[in-house]
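Notes follow once the structure below has been shown.
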Amino acid sequence: MVGDGHRGASTSLRDAQDEAGVPHGIWKGRGLAAVGLVAGDVVTERQAELLLGEGRHPDADRIESKLLAQGRSPARAWRATVLGRPIEHNRSPETDEAKERIPWLGMHLVFRPPPTAHIAWALMGHEIRLVLELCQDIARDKTLEWLEDAVAQIRWKGGGKQRAGVRDGLIVAVFRHYESRAAESKPLLHDHAMVSMRVRRPDEKGTWGNLSADSMLSHIVAADTLYPLYFMEEVSARLGWAWEPREVTPGRRPVMEIAGIDQRLISWQSTRRQQIEDAMSVLTDKYEEKHGHGPGERAGYAMARMAADRTRPPKRKEMRSLSELREVWRGSAVRRFGADVINLLAERARAAAAVVWARVRPVVDVVLAAVDVVAVVYVMRGAFKRHHLLAEARRYLSYVLRGRPHQPGLDEQIVQTVIDDYTRPVGRGLMMTADLHALYPRDTDDQAVLRPLTRNRTLPLYARAHLAAGALNARVHAVRRSERLGSRTRPHTVAVPGASRSGPRLSRTDRKAGRAQERQQGTDVAALEQTRATIEAAAQMAVRLQDGVRERGANHGPRPRPAPAAPSSPHTPPPGVQQAPGRTPTGGLA
């Protein structure tokens with residue numbers, strides 16, 4: 001609540017925040033109405049202590065005093081302010097050592113933009129700084145809304161067997177920080193969001209209970225990929241900048257950065273990252289020496305946390321305001337890279353964006369996206385769940401759109417396409433894996449190409465996944481090319497941002513039946529067109545033969561015949577027969 005500084009016992013929270021140079025915390029979430037708060041209200045120290053420290057109503061002092069004045073007992077007045085179950089401290093009589101059961105009252109989420117966004121926020125003008133902070137607010141709030149609508153669940157009964165969506169929403173306290181914990185102060189715009197575990201059930205009484213922590217934790221990665229997608233779109237829409245992937249570690253996932261920002265500034269800003277990477281290299285060497293191979297994704301994540309803990313510097317005692325920090329940051333960057341590099345940051349970002357927009361089309365092919373997503377997730381995990389596909393689909397949208405807005409629900413559409421067309425269930429739970437019969441053709445050519453890529457232990461895991469996705473995408477392009485050359489039309493789903501789709505989604509069986517019906521209808525139409533063309537050709541041939549007979553008869557001198565009552569051409573239909581509209585006499589149907 002006061003940044004990385006220390007606060008004396010006699011110093012109030014607001015005074016400590018002013019001295020530390022950090023803004024006051026604010027309340028967010030749709031669940032605030034249930035406790036009498038409004039989004040945007042300042043988080044006081046007593047409110048945070050009651051809600052996040054004791055699981056009680058943030059205005060418990062007033063409620064308790066009112067109940068005591070009405071004659072309630074102190075115990076009942078205190079119990080009326082507890083949201084859900086009170087905190088329990090149990091001592092086990094079976095053991096000598098006392099054991100305490102401390103419930104989980106809050107969840108800590110951090111929203112941090114990419115490094116180039118920190119650089120632009122710290123070194124560019126005041127207007128750009130305000131715009132980037134606004135983009136941070138919008139992306140954070142949209143991500144919290146998605147967690148409220150699609151993820152948050154409340155559990156009750158034994159072991160949390162019964163679960164349902166929360167009634168109102170979440171209660172979140174947001175605190176903004178401006179700098180990192182490096183030995184030298186570096187810009188790091190980020191928000192700390194403390195999510196209260198106290199939520200209401202969707203019943204008539206609105207009983208308070210605990211948020212399902214495992215549901216939130218299982219979707220953390222999906223939220224972590226949704227937040228930068230929203231942030232990129234807001235920055236591109238408001239500042240006109242584009243994004244491009246940057247490979248931080250060879251063979252690992254790339255990071256999306258603002259195009260045109262000098263890459264040397266990233267090393268100047270990410271001194272803390274360099275310290276972690278140096279410690280990671282030592283831990284990786286020890287891991288390879290012990291196990292004989294490099295660490296996987298889960299082991300690498302654990303080692304990164306260990307490296308961060310080992311290199312964490314102590315908190316600084318002296319604090320400075322944001323204006324002072326910006327002067328320090330700009331002076332440090334100018335001394336290292338020169339004033340021209342710093343002054344032209346915004347201009348170069350706009351110029352680079354024009355190049356990116358001219359090269360990248362804001363169109364997402366759902367089929368190619370689904371193939372890419374299932375290939376990457378399958379190679380990296382083997383068996384997976386829906387939220388794994390959702391996180392990878394959002395990464396794919398970030399790579400493809402480069403900051404252009406995506407159609408709402410497009411990530412869910414890609415995931416549903418993957419589940420319907422390219423996966424099969426595994427076991428009794430919600431686990432699934434890739435359907436190789438749907439990904440590979442009937443022959444084994446693609447299997448011979450893909451299996452060496454997926455089983456090559458010399459390459460990092462993501463590099464193998466990226467190669468497999470590229471091979472499958474190449475196969476999709478080859479199939480489409482052969483269909484075009486064979487004059488066989490087949491609709492491909494392409495999603496354009498801003499477009500809308502309506503109608504229920506068909507299952508795999510219904511779609512197969514629909515495609516068979518389309519092929520049958522296409523065959524019937526082709527046969528009808530061929531029959532019509534044959535009849536027209538025969539009619540034209542008959543007309544030309546009749547003209548030839550009349551011409552030869554005229555040359556040989558036919559016998560004179562009485563003239564008809566009315567002049568008529570050789571092709572005028574007899575009385576009572578109407579000529580087909582829109583057709584010439586020689587080209588009509590006989």
Side-chain angles (χ1 to χ4, degrees), residues 1-8 11-29 40-45 47-48 52 106-124 126 128-141 143-144 172-196 220 223-224 227-228 230-231 234-235 266 268-273 275-276 305 308-309 311-330 332-333:
M1 299 178 72
V2 294
D4 288 337
H6 294 272
R7 176 169 66 106
T11 306
S12 65
L13 176 62
R14 290 202 175 188
D15 293 340
Q17 290 173 338
D18 293 337
E19 294 176 0
V22 296
H24 309 303
I26 57 176
W27 290 108
K28 289 289 182 179
D41 287 349
V42 175
V43 179
T44 65
E45 184 175 7
Q47 290 174 346
L52 301 176
M107 179 177 293
H108 180 207
L109 307 178
V110 181
F111 297 87
R112 184 179 63 184
T116 48
H118 305 149
I119 295 171
W121 169 80
L123 302 181
M124 292 187 185
H126 179 69
I128 294 179
R129 178 183 70 84
L130 295 179
V131 171
L132 290 175
E133 291 180 2
L134 177 62
C135 296
Q136 168 77 354
D137 295 336
I138 296 175
R140 179 203 63 217
D141 294 344
T143 306
L144 290 175
V172 187
V174 179
F175 304 94
R176 173 157 295 177
H177 293 177
Y178 293 139
E179 54 183 332
S180 65
R181 295 184 58 145
E184 298 180 1
S185 175
K186 296 298 180 181
L188 186 66
L189 174 67
H190 60 287
D191 292 334
H192 295 267
M194 298 298 299
V195 182
S196 173
I220 285 297
D224 185 55
Y227 157 72
Y230 282 140
F231 183 79
E234 293 296 330
V235 171
I266 298 178
W268 165 79
Q269 185 266 342
S270 302
T271 55
R272 179 86 176 98
R273 178 182 294 273
Q275 296 173 358
I276 297 176
R305 294 183 59 184
D309 293 338
T311 58
R312 184 181 299 273
K315 294 183 177 181
R316 294 180 293 103
K317 296 183 179 181
E318 69 281 357
M319 306 302 294
R320 287 168 289 189
S321 63
L322 179 59
S323 58
E324 295 175 348
L325 290 173
R326 283 171 56 85
E327 292 180 0
V328 172
W329 295 332
R330 185 175 180 85
S332 174

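What you see is a predicted model, and the numbers here were worked out from it, not measured in a lab.
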Point to revise | Residue list, salt bridge (charged side-chain N to carboxylate O under 4.0 Å, His left out) with Glu327, at least two apart or on another chain | key: none
Check your understanding: Under the salt bridge (charged side-chain N to carboxylate O under 4.0 Å, His left out) test, which residues partner Arg326, sequence neighbours left out?
Key -> none
Practice item. I would like to know whether Leu132 and Met124 meet side chain to side chain contact (heavy atoms under 4.5 Å, CB included); could you show each step before the answer? Key: CA-CA 11 Å; Leu132 290 175; Met124 292 187 185; over 6 Å; no
Which pair of heavy atoms, one from [X] and one from [Y], lies closest together, and at what distance?
X	Y	answer
Phe111	Ala193	CE1-CB, 3.8 Å
Leu322	Trp329	CD1-CZ3, 4.4 Å
His118	Pro187	CB-O, 3.8 Å
Leu189	Pro113	O-CD, 2.9 Å
Pro115	Ile266	CB-CG2, 4.3 Å
Ile26	Gly40	CG2-O, 3.9 Å

Exercise for review: List the steps, then state whether side chain to side chain contact (heavy atoms under 4.5 Å, CB included) holds for Thr44 with Leu13.
Suggested key: CA-CA 8 Å; Thr44 65; Leu13 176 62; 5.9 Å; no
Tell me, do [X] and [Y] make a side-chain contact under 4.5 Å, heavy atoms counted?
X	Y	answer
Lys186	Ser332	yes
Met194	Met107	no
Val22	Phe175	no

Review point. How far does CD1 of Ile128 sit from CG of Leu123, to the nearest 0.5 angstrom?
Key: 11.0 Å
Practice item. Look only at the side chain of Glu234 and the backbone of Gln136, and say whether a donor-acceptor pair between them is shorter than 3.5 Å. Key: no
**Study point:** Steps toward side chain to side chain contact (heavy atoms under 4.5 Å, CB included) verdict (Leu109, Tyr227)
**Key:** CA-CA 12 Å; Leu109 307 178; Tyr227 157 72; over 6 Å; no
Revision key, fill the gap. Residues at least two apart in sequence or cross-chain that pass side chain to side chain donor-acceptor pair (under 3.5 Å) with His190, listed by chain then number, are His192
Point to revise | Donor + acceptor pair across side chains of Trp27, Gln47 (<3.5 Å) | key: yes
Review point. Salt bridge between Asp137 and Arg176, side-chain N to carboxylate O under 4.0 Å?
Key: yes
Point to revise | side-chain hydrogen bond (donor to acceptor under 3.5 Å, both in side chains) partner of Asp191, chosen from Arg112, Arg140, Lys28, His177 | key: Arg140
